Amino acid sequence: MTHVVRELDLNAYCRHDTMIQRVSAVPGLGLKTSTAFFIFLRANLVASSSGSSMPIMDPISSTAVSSPLPSPVVAAKPPKDAVADDLPSLSTSILETQSDKEDALRLIADSIAQQRQTSSSYLVFHPFLLPPLVAALAGAYQYAWVYRQDIGTSLIMACGVIMTYLLGIRYFTGGYIQAAEELRWSWLSPSSSPNPSPTEQDLILGVRFGEQLIGALVLRLEPSPSAAHASNTGNKRRSRSSLLRGGRGVIRAWTVKLKYRRQGVGRDLLHDAVRITRERCGRDAEVGFAAEHANSRIFLPETFNTPFRRSERKAAKSLEKVLAEWEGAKRRRKL
């Protein structure tokens with residue numbers, strides 16, 4: 001049975017003075033408003049050929065309506081100080097290859113050269129040196145301004161006095177640059193051999209941040225006096241590990257790159273130095289800093305070496321804290 005669909009003709013029911021003209025006459029609506037309204041009404045009154053009785057609520061085909069433009073989305077940028085998930089790892093190990101050892105020696109040489117800047121900064125405002133500087137500036141002022149009444153001459157003489165003062169400090173602290181340049185492979189050997197074999201060299205511990213070497217420590221394992229005497233009297237059969245039993249560890253260099261200092265990197269190096277010493281020399285082996293370590297050379301009278309003596313005391317306290325932690329851990333294991 002087929003459905004006969006009749007189309008409703010609205011023309012017969014509409015006059016010129018009906019609502020159509022009234023709607024069309026509204027300013028801002030016009031013809032578009034009335035046309036859209038009657039298309040919607042016609043679409044709901046005409047049934048589709050499939051016999052569906054559901055009204056069509058969309059007056060215009062969906063294909064005829066363009067999809068709305070996607071709203072622009074601004075990608076949120078992470079803050080500059082956000083911590084990345086793929087940070088390089090921090091690792092401490094004994095350096096074995098030649099290139100790694102060269103990097104460590106270069107790092108130690110840089111720390112020696114940096115002593116020049118530390119010493120110069122301390123000397124500029126040293127209480128023993130400021131009075132002569134003030135006296136020289138006063139003499140320049142007396143001569144150029146009081147006697148000659150020339151402001152240009154006074155300024156030039158004052159600048160000359162200050163420049164001479166700074167150049168003198170630079171000259172007397174130049175020995176640290178020379179000491180850094182004199183650091184060679186022979187420094188790693190107890191016999192000061194120019195080309196020591198790897199077995200004769202001191203142990204070099206390094207801290208890497210990813211692929212970058214940021215810290216180094218030179219550790220010399222010294223045998224006990226009795227074992228050293230036995231080896232000198234002709235007992236060559238004893239291995240090096242047995243000779244080291246009862247010995248001690250001597251730290252000859254300990255440095256970290258400037259921007260990584262005061263972040264616990266040097267403390268990790270000290271922990272590893274204590275661990276290696278007590279693994280090879282015994283559980284009660286002593287560990288300490290060498291009297292003639294890499295940064296021990298001084299080129300000025302003792303009065304002007306206060307920053308370096310302060311650094312040595314801080315290093316000794318750091319090592320004492322590490323040793324105290326090891327002793328506490330050993331007591332806890334016994335309990």
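None of the values given here were measured: they were computed from a predicted structure.
Note: Ser296 OG to Ile112 CD1 = 8.5 Å, rounded to the nearest 0.5 Å. Annotation: the span from Arg275 atom CZ to Arg280 atom CZ amounts to 9.0 Å, rounded to 0.5 Å. Annotation: the span from Leu188 atom CG to Ile108 atom CD1 amounts to 7.0 Å, rounded to 0.5 Å. To the nearest 0.5 Å, atoms CZ (Arg267) and CG (Asp272) are separated by 11.5 Å. Distance check: Arg116 CZ to Phe172 CZ gives 12.5 Å after rounding to the nearest 0.5 Å. Summarising the geometry, atom CG belonging to Leu258 is positioned 8.0 Å from atom CD belonging to Gln117; distances are rounded to the nearest 0.5 Å.
For the pair Arg252 and Trp187, the distance from NZ or CZ to the six-membered ring centre is under 6.0 Å and the angle to the ring normal is within 45 degrees.
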Please evaluate residues Val161 and Met157 with respect to the criterion side chain to side chain contact (heavy atoms under 4.5 Å, CB included), reporting the C-alpha separation (whole Å), side-chain torsions for both, the decisive distance (0.1 Å), and the verdict. CA-CA 6 Å; Val161 169; Met157 292 191 67; 5.5 Å; no
Chi angles and distances behind the side chain to side chain contact (heavy atoms under 4.5 Å, CB included) call for Lys321, Trp326: CA-CA 9 Å; Lys321 290 181 180 178; Trp326 274 84; over 6 Å; no
Between Leu213 and Val207, does a side chain to side chain contact (heavy atoms under 4.5 Å, CB included) hold up when you go through it step by step? CA-CA 6 Å; Leu213 186 69; Val207 177; 5.7 Å; no
Verdict with reasoning, Thr173 to Ser119, per side-chain hydrogen bond (donor to acceptor under 3.5 Å, both in side chains): CA-CA 7 Å; Thr173 57; Ser119 180; 5.6 Å; no
Assess the residue pair Asp100 and Ile204 against the criterion (side chain to side chain contact (heavy atoms under 4.5 Å, CB included)); give the C-alpha distance rounded to whole Å, side-chain angles, the decisive distance to 0.1 Å, and a yes or no. CA-CA 9 Å; Asp100 290 343; Ile204 303 180; over 6 Å; no
Show, in sequence, the C-alpha distance, side-chain angles and deciding distance for Arg309 and Glu312, and conclude whether the salt bridge (Lys or Arg N to Asp or Glu O under 4.0 Å) test is met. CA-CA 5 Å; Arg309 297 296 175 250; Glu312 289 178 349; 3.4 Å; yes
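The closest side-chain heavy-atom distance from Leu107 to Ser111 is not below 4.5 Å. Between Tyr122 and Thr306, some side-chain heavy-atom pair lies under the 4.5 Å cut-off. Side chains of Glu182 and Arg297 form a contact here, defined as non-hydrogen atoms less than 4.5 Å apart. Put simply, the side chain of Ile251 does not reach to within 4.5 Å of the side chain of Val218, judged on heavy atoms. Side-chain contact between Thr255 and Arg261: present, with at least one pair of heavy atoms (C-beta onward) separated by less than 4.5 Å. The side-chain heavy atoms of Cys281 and Leu221, taken from C-beta on, include a pair separated by under 4.5 Å. Counting heavy atoms from C-beta outward, Ile214 and Arg208 have side chains that stay 4.5 Å or more apart. Looking at Arg245 and Ser224, their side chains never come closer than 4.5 Å, going by heavy atoms from C-beta outward.
Taking a 6.0 Å sphere around CD of Glu279, one finds it holds more than 12 heavy atoms contributed by other residues, nucleotides or ligands. Surrounding CD of Glu286 are at most 12 heavy atoms belonging to other residues, nucleotides or ligands under 6.0 Å away. No more than 12 heavy atoms of other residues, nucleotides or ligands shown are found within 6.0 angstrom of CD on Gln178. Within 6.0 Å of CZ in Arg170 there are 12 or fewer heavy atoms belonging to other residues, nucleotides or ligands. Around CD1 of Ile151, the count of heavy atoms belonging to other residues, nucleotides or ligands within 6.0 Å does not exceed 12. Atom CD of Glu292 sits in a sparse spot, with 12 or fewer heavy atoms from other residues, nucleotides or ligands closer than 6.0 Å. Atom CZ of Phe289 is surrounded by more than 12 heavy atoms from other residues, nucleotides or ligands within 6.0 Å.
Scanning for ring-ring contact (aromatic ring centres under 6.0 Å, His included) contacts around Phe299 gives Tyr176, with sequence neighbours left out. In terms of the ring-ring contact (aromatic ring centres under 6.0 Å, His included) criterion, Phe125 has no residue partners (sequence neighbours excluded).
Hydrophobic clustering of Ile, Leu, Val, Met, Phe, Trp and Tyr side chains at less than 4.5 Å, counting indirect connections, unites Val274 with Ile276. Ile156 is not connected to Leu137 by any chain of hydrophobic side-chain contacts under 4.5 Å among Ile, Leu, Val, Met, Phe, Trp and Tyr, and they are in different clusters. Hydrophobic clustering keeps Met163 apart from Leu133 (ILVMFWY residues linked when any side-chain heavy atoms are closer than 4.5 Å, directly or through intermediates). Taken together through direct or relayed side-chain contacts under 4.5 Å among Ile, Leu, Val, Met, Phe, Trp and Tyr, Leu205 and Trp185 form parts of separate hydrophobic clusters. No continuous path of hydrophobic side-chain contacts links Leu155 to Ile162 [ILVMFWY only; heavy atoms under 4.5 Å].
A pairwise comparison of heavy atoms in Leu183 and Ala109 identifies CD2-N, 3.9 Å as the closest pair. When all heavy atoms are compared, the tightest approach of Leu219 to Ala273 is CD2-O, 3.8 Å. Between Phe308 and Gln115, the shortest heavy-atom contact is CZ-O, 3.5 Å. Nearest heavy-atom pair across Ala285 and Thr277 is CB-CG2, 3.9 Å. Across all non-hydrogen atoms, the minimal contact from Ile177 to Ala113 is CD1-CB, 3.9 Å. For Leu319 against Val287, the heavy-atom pair with the smallest separation is CD2-O, 3.7 Å.
Checked by atom type, the side-chain pair Trp254/His293 shows no donor-acceptor distance below 3.5 Å.
A donor-acceptor contact shorter than 3.5 Å is absent between the side chain of Glu222 and the backbone of Val250. Under the 3.5 Å distance criterion, the side-chain polar atoms of Gln263 are matched with a main-chain donor or acceptor of Lys259. Checked by atom type and distance alone, the side chain of Thr118 pairs as donor or acceptor with a backbone atom of Gln114 at under 3.5 Å. Asp268 contributes no side-chain N or O that, together with a main-chain N or O of Thr92, makes up a donor-acceptor pair within less than 3.5 Å.
Judged as a side chain to side chain donor-acceptor pair (under 3.5 Å), not a single pair has a partner in residues 125-135 (not counting sequence neighbours).
For the side chain to side chain contact (heavy atoms under 4.5 Å, CB included) with Ile169, the lone residue among Thr164, Leu123, Leu300 that qualifies is Leu123.
By the 30° and 60° cut-offs, the orientation of the rings of Phe128 relative to Phe304 is perpendicular.
A salt bridge links Arg278 with Glu327; the closest basic N to acidic carboxylate O contact falls under 4.0 Å.
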